[in-house]
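In what follows, a structure is listed as C-alpha cells, so that the remarks can point back to it.
All residue numbers refer to positions in the sequence shown, counting from 1. Atom set for the values below is all heavy atoms of this structure, side chains included, hydrogens, waters and symmetry mates excluded.
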Amino acid sequence: MKASINHWHCAAKTVIIAMTAVVFTACSTDSEDNATRVYPVVCPIEPEQPMLKTRSNVDDATYDRLATFFMMAFDDARKTGSDGRRIGFFGQLTDEVEACYLITSVEDFKAVYYGDRMLPEVDFERYSVLVGRSYSTDSRESLGNYTYNLVDEGDHYRLPVNILRNVNPSLVYTQEIGDLFYWDVFPKVESKPVLMERRVVEKVIDEDQSAQAAGMLQLRGSNWVLTGYTDRDSVAHQVGSGWGDSRYTISFLADGTMQGKIGANSIGARYLLSPWKACLASGDGLRFVGWFALTDGFTTLVLETGADATDAYFGSHLWEMEFFDVNEYDLTLSDSRGQKFSFRDASLFRDASLK
C-alpha cells in the first residue's frame, strides 16, 4: 500500500497565445608572431538522451542520478503491460489530469512513484525535487519549458508550465492525448502546495529544426558579443561589466564556419549542431537547445600587450563547448563540466563598434 502524501492535482485554466514566428597573449618567440595555431577537435558522440545540467547550484552527481532515473522511469510510464493496462509514473491517471508533486523526503518519493525502479539517492536536507505530468492534445504539442521555477505566493507555490504547440501548416500530426512528464531539482525549499499554471503558446517550428536553429545562430550577419563566462570552478565572470566587450566576438556563417576575434587575434572553426528541443525563451520567443561542437579550429598568434584573464580563458576553452542554447537575442555555449560562455546579439548594443 502506498503511503499518503500531500499532493495537488492542478486543473488550471488554459491560455492560448498565438505568435508567429588557448592563450594567445604571451608568445614566447618572435617567430610565432602572426602565425596560425590549429586545434583538432573531435565532435562528441551524441548520447541517447540529453544530459545537459540546467542548474549550477545542484551538485553534478545528484543531478546525473535524477536525470538518469527520470529518463528511464518516464519511458517506463508510457509503456503498456502484458495485461493491456498502463500504470504510469503516478499510478492510474485519467488523460487530462495534471499532477504535480514537490518531493522533500524519501517517504514523499516512495509515495509518488508507482514504478519498480530503485529510487535515486538524494540528500533531502539540501534539495527538493519537483515532478509532474501535463498532457498534449495531439502530436503538435510538447513542453515549452527548459527549466521550471516555483513562484512563492505565500501559502503555496505557483508553477508556470508552458505547452508549445507547433502550428506549422505543413506539419502532419495525429490527434491523441499524450503524456508530458517533467522534473526539476532545487536547493531545499519549504514544503507547500503547488498550483500548476498551464499555458499553451503557438509557434511555427520547421520540420528541419537544425536549419531553423542554425538560422538563429547566424543572426542575419550580426556578431555575438561575449558578456560573461563561468569557469571550471563555477565562478562567474562578467565581461564589460556584463554589457559585453567588442574585443571578444564570434559569428556563424551559412557555410558552416565560425569566425571571431579575441583581442588582436582572429579565430575560426567549423561548427556542428544538433538541436534536441524547441522551447520558449523569456518573452515567449522561440529557443533551441542541443549539442554543439567546433572542429578544425584555428587562431592567429599576434603578440598583444594589455591582455587579461578573459583573453586566456576564452581562447583556451571555447573549443571545449558541447551544448548550445540560442534564441533571437542570446546565445549560451556550455559543456558538461559547468563551463559556460554567454553572448548577446551585437545589434542590441548602442556602441557601433560591437556590431
Side-chain angles (χ1 to χ4, degrees), residues 22 24 41 50-58 60 63 145-147 149 213-252 258-263 265 267 269 271-273 275-294 297 299 307-351 353-355:
V22 157
F24 314 141
V41 181
M51 296 293 286
L52 172 58
K53 182 179 173 183
T54 57
R55 295 197 179 273
S56 59
N57 52 7
V58 176
D60 292 349
Y63 192 90
N145 295 67
Y146 186 50
T147 57
N149 296 304
M216 283 190 176
L217 278 178
Q218 291 158 18
L219 264 182
R220 304 168 304 281
S222 183
N223 289 320
W224 292 106
V225 178
L226 182 67
T227 59
Y229 65 95
T230 301
D231 63 27
R232 287 183 175 179
D233 297 321
S234 299
V235 177
H237 304 263
Q238 288 188 333
V239 177
S241 300
W243 290 100
D245 189 323
S246 59
R247 293 179 299 165
Y248 312 107
T249 63
I250 56 175
S251 59
F252 299 88
M258 181 208 75
Q259 298 176 357
K261 62 179 181 177
I262 303 176
N265 289 284
I267 59 173
Y271 66 92
L272 305 171
L273 74 160
W276 51 262
K277 183 174 177 60
C279 47
L280 293 173
S282 59
D284 290 336
L286 196 58
R287 172 185 180 191
F288 290 96
V289 294
W291 294 286
F292 176 86
L294 293 173
T299 178
D308 58 20
T310 301
D311 295 66
Y313 205 89
F314 189 43
S316 297
H317 300 284
L318 176 63
W319 318 99
E320 301 168 2
M321 298 299 100
E322 302 168 83
F323 306 101
F324 76 95
D325 180 346
V326 65
N327 61 54
E328 189 176 1
Y329 304 111
D330 302 285
L331 168 67
T332 299
L333 301 177
S334 59
D335 72 1
S336 54
R337 292 170 292 186
Q339 295 183 109
K340 179 171 68 176
F341 291 104
S342 301
F343 303 86
R344 189 87 172 172
D345 177 1
S347 66
L348 301 176
F349 292 86
R350 295 179 181 178
D351 182 355
S353 67
L354 294 177
K355 298 181 180 180

Polar side chain donor-acceptor pair, Glu322 to Ser336, under 3.5 angstrom: yes
Student check: side-chain heavy atoms of Val289 and Val326 closer than 4.5 Å: no
Backbone N/O of Tyr63 and side chain of Asp60: donor-acceptor pair under 3.5 Å: no
Is any side-chain heavy atom of Phe252 closer than 4.5 Å to one of Gln259? no
Minimum-distance pair of heavy atoms, taken over all atoms of Phe314 and Lys261: CE2-O, 4.3 Å
Side chains of Tyr146 and Asp325 only: does a donor on one sit below 3.5 Å from an acceptor on the other? no
On a heavy-atom basis, which atom in Tyr271 and which in Met258 lie closest, and how many Å separate them? CD2-N, 3.9 Å
Any ion pair linking Arg337 and Glu320 (charged N to carboxylate O, less than 4.0 Å)? yes
Can any side-chain N or O of Thr227 pair as donor or acceptor with the backbone N or O of Ser342 at less than 3.5 Å? yes
Please report the shortest heavy-atom distance between Ala281 and Asn327, naming the atom on each side. CB-ND2, 3.7 Å
Do side-chain atoms of Trp224 reach the backbone of Leu217 as a donor and acceptor pair under 3.5 angstrom? yes
Closest non-hydrogen atom pair between Leu333 and Phe324, with its separation: CD2-CB, 3.8 Å
Heavy atoms only: give me the nearest Phe288-Met216 pair and the separation to one decimal. CD1-SD, 3.8 Å
Which heavy atom in Gln339 sits nearest to a heavy atom in Asp231, and how many Å separate them? CG-C, 4.2 Å
With sequence neighbours left out, the residues meeting side-chain hydrogen bond (donor to acceptor under 3.5 Å, both in side chains) with Tyr229 are none
Using only atom types and a distance under 3.5 Å, with no angle test, would you say the side chain of Trp319 pairs donor to acceptor with the backbone of Gly315? yes
